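Take a look at the structure set out below.
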Amino acid sequence: MKNSLHFLLMADHFLFQKKLFSGIKDTDLSLGQPKILDYLKDHNGTVQKDIAAACHIEQASLTSVLNGMEKKGLITREMRDGNRRSLYVFLTEKGKELAERINAEFEKIEKEALKGFSEKEKEELNRFLSQIHKNIN
């Protein structure tokens, strides 16, 4: 079992999350919020359904996570063109600063995780993981 794909993927994900939250424990972020901040860093002002799809979060769960982020002053949600069904999500200045910090933590963890890998091996790993994602999705 310890060498099976599902075990290794779950174990690596758990270790990545553990490292991340250890490095940002002073931020009071909850599970799910770092990936949303990371997504919004590059897609600021996007609609909630796009965030849900990109972050693999159910719409109902996303609403709850975004409510918490809004209370913390990390995001704002705005209606555009009078369409109440499409709320656009924007990072606040506080959210932008935290998104940059999250990005730095991700980079630090990735650097540690990929220590000893050649550039070619890193590219192959990304290709393999992308293919797994495509196959399962």
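Predicted model only: the values in this text are computed from it and were never measured.
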Which atom pairs, one a donor and one an acceptor, fall under 3.5 Å between side chains of residues 128-137 and the rest of the protein, sequence neighbours left out?
unit_1: Ser130; atom_1: OG; unit_2: Asn126; atom_2: O; d: 2.9
unit_1: Gln131; atom_1: NE2; unit_2: Asn135; atom_2: OD1; d: 2.8
unit_1: Asn135; atom_1: ND2; unit_2: Gln131; atom_2: O; d: 3.4

Could you list the donor-acceptor pairs under 3.5 angstrom formed by side chains in residues 46-64, with sequence neighbours left out?
unit_1: Gln48; atom_1: OE1; unit_2: Arg77; atom_2: NH1; d: 3.4
unit_1: Thr63; atom_1: OG1; unit_2: Gln59; atom_2: O; d: 3.1

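Atom CD1 of Ile75 is separated from atom CG of Asn44 by 10.0 Å, given to the nearest 0.5 angstrom. Separating the CG atom in Leu74 from the CD atom in Glu93 is a distance of 12.0 Å, to the nearest 0.5 Å.
Judged as a salt bridge (charged side-chain N to carboxylate O under 4.0 Å, His left out), and not counting sequence neighbours, Glu107 has no contacts. Under the ring-ring contact (aromatic ring centres under 6.0 Å, His included) criterion, Tyr39 pairs with His43, sequence neighbours left out.
No side-chain heavy atom of Leu66 sits less than 4.5 Å from a side-chain heavy atom of Leu87. Side-chain contact check for Leu15 versus Ile109: every heavy-atom pair is 4.5 Å or farther apart. Taking 4.5 Å as the limit, some side-chain heavy atom of Leu31 sits within range of a side-chain heavy atom of Gln17. A 4.5 Å side-chain heavy-atom check between Val89 and Thr76 finds every atom pair outside the cut-off.
Between Ile24 and Pro34 the shortest heavy-atom distance is CD1-CG, 4.1 Å. Closest approach of Tyr88 to Gly45, counting heavy atoms only: CD2-O, 3.2 Å.
Sorted by first and then second residue, the pairs that involve residues 14-23 and meet salt bridge (Lys or Arg N to Asp or Glu O under 4.0 Å), not counting sequence neighbours, are Lys19-Glu112. For residues 30-43, the set of pairs meeting the salt bridge (Lys or Arg N to Asp or Glu O under 4.0 Å) definition, not counting sequence neighbours, is empty.
Phe16 and Leu8 fall into different hydrophobic clusters, defined by Ile, Leu, Val, Met, Phe, Trp and Tyr side-chain heavy atoms under 4.5 Å apart, directly or through other members. Leu9 and Phe117 fall within a single hydrophobic cluster, where Ile, Leu, Val, Met, Phe, Trp and Tyr side chains are chained together by heavy-atom contacts under 4.5 Å.
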- Before giving the answer on salt bridge (charged side-chain N to carboxylate O under 4.0 Å, His left out), spell out for Lys72 and Glu70 the whole-Å C-alpha distance, their side-chain angles and the decisive distance to 0.1 Å. CA-CA 5 Å; Lys72 292 175 186 174; Glu70 199 166 31; over 6 Å; no
- Message: For a side-chain contact (heavy atoms from CB on, under 4.5 Å) check, start with the C-alpha distance between Ile102 and Leu29, then their side-chain angles and the critical distance, and finish with the verdict.
- Response: CA-CA 10 Å; Ile102 296 297; Leu29 290 176; 3.6 Å; yes
- salt bridge (charged side-chain N to carboxylate O under 4.0 Å, His left out) between Glu105 and Lys108: does it pass, once the steps are laid out? CA-CA 5 Å; Glu105 282 295 321; Lys108 186 170 94 176; 3.7 Å; yes
- Task: Check the pair Phe106 / Leu20 against side-chain contact (heavy atoms from CB on, under 4.5 Å), numbers first and verdict last.
- Result: CA-CA 7 Å; Phe106 283 149; Leu20 174 65; 3.5 Å; yes
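Under 4.0 Å is where a charged nitrogen must lie from a carboxylate oxygen, and between Glu123 and Lys120 no such pair does. In summary, Lys122 and Glu119 engage in a salt bridge, as defined by a charged side-chain N under 4.0 Å from a carboxylate O.
Each of Lys96, Met69, Glu97 was compared with Leu91 under the side chain to side chain contact (heavy atoms under 4.5 Å, CB included) criterion, and only Lys96 meets it.
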